[in-house]
**Student:** 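The structure follows.
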Amino acid sequence: ERARHAITSSSHAFDGLMGGAGMRTGRVTEICGPPGMGKTQFGMQFCVNVQIPSAAGGVDGEAVFIDTEGSFIVDRVVEIASATREELHSHQIQEVPTIETMLSRIHFFRVHSHVEQVALINQLDEFLASHPKIKLIVIDSIAFHFRQKFADMGQRTRLLNGMAQRLRALAENRDVAVVMTNQMTTRIRRVGAGLGDGDSATLVPALGDSWGHACTNRVILSWQDDARQASLVKSPNLPEATVLYAITADGVRD
Ligand code: ATP
Ligand code: MG
């Protein structure tokens, strides 16, 4: 395997969960969790952190952000970017990009349907070829346009599998980190016929089991009392573990 780069999350604990340095290029990671856990915050944080100059151990790169839900908030990115810039300045790092430059290095796409989403992902390889500084692709969320009933559920599975394959190929061939978010859905295990005693409901990542097999690394965010926790539940090379993280005014932190 050739040398990969890593993009910090700004949480040492979370970076540790992902193998030490954060999100590795060449890998696809799915971040799942219920509303408000911070999935979009992670996405915006990575878009800022991928731009950290190499003098500070960063990748000095650019990002693609694919917004399927309309939850990318520029003011929040500015807040996160400002905090990151201050930190870099306090470490005497030279050539810290301006906020304006940072925003221009986030290539933003809004997709309004699963058709737009699939079409965009199909075009990404070409886009990356003409933008070699891109080291990160965020898709927030992968599931939104695929959650409603499809007339042909087989077609839905084929589209999802095709997307997963393309994203894996992009990660490996273009040496980018792919980070996608996913919602949680309730799975009811029925005991006997109909709803009743003994039935149990659990929260599981949306899009079903075949999607679960398609992704490489999977992280699930959840509450542990008043603390936010991230659990690595699936990885080909890292141990399963759980760490705590925080969301502050400055972004993702320990
Ligand atoms: P959804 O499934 O609805 O998309 P999500 O997992 O993407 O949810 P986010 O929108 O990333 O959730 O995170 C929202 C959380 O981030 C909230 O708990 C909110 O309090 C916290 N948050 C957002 N901005 C700030 C801020 N400026 N200061 C502190 N916390 C913040
Ligand atoms: Mg969100």
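When a residue number appears, it is its place in the shown sequence, counting from 1. Any value given below was found using the heavy atoms of this structure, including those in side chains, with hydrogens, waters and symmetry copies removed. Numbering of ligands and ligand atoms starts at 1, following listing order.
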**Student:** What protein atoms of element N, O or S are positioned under 2.8 Å from the Mg ion (ligand 2)?
**Tutor:** Thr40 OG1
**Student:** Classify the ring geometry of His114 against Phe150: parallel below 30°, tilted from 30° to 60°, perpendicular beyond 60°.
**Tutor:**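 Tilted, since the angle between the ring planes falls between 30° and 60°.
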**Student:** Applying side-chain hydrogen bond (donor to acceptor under 3.5 Å, both in side chains), can you list everything that pairs with Asp125, at least two apart in sequence or on another chain?
**Tutor:** Arg174
**Student:** Look at atom NE2 of His91 and say whether more than 12 heavy atoms of other residues, nucleotides or ligands are closer to it than 6.0 Å.
**Tutor:** no
**Student:** Kindly tell me which protein residues have any non-hydrogen atom under 4.0 angstrom away from an atom of ligand 1, grouped by chain and ordered by number?
**Tutor:** Pro34, Pro35, Gly36, Met37, Gly38, Lys39, Thr40, Gln41, Glu69, Arg76, Glu79, Arg228, Ile247, Thr248, Ala249
**Student:** Who pairs with Leu103 by side-chain contact (heavy atoms from CB on, under 4.5 Å), at least two apart in sequence or on another chain?
**Tutor:** Val74, Val77, Val78, Ile99
**Student:** What orientation do Phe14 and Phe46 show, parallel under 30°, tilted 30 to 60°, or perpendicular over 60°?
**Tutor:**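 Geometry flag for Phe46 against Phe14: tilted rings.
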**Student:** Atom CZ of residue position Arg187 - does it have more than 12 heavy atoms of other residues, nucleotides or ligands inside 6.0 Å?
**Tutor:** no
**Student:** Are Leu167 and Ile134 connected into the same hydrophobic cluster when the rule is that any two of I, L, V, M, F, W, Y join if their side-chain heavy atoms are below 4.5 Å apart?
**Tutor:**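 Yes, Ile134 connects to Leu167 through the hydrophobic network.
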**Student:** Checking side chain to side chain contact (heavy atoms under 4.5 Å, CB included) between Ile52 and each of Thr84, Ile7, Asp60, which is the one that passes?
**Tutor:** Thr84
**Student:** Nearest 0.5 angstrom please: Ile139 CD1 to Phe65 CZ, how far?
**Tutor:** 10.0 Å
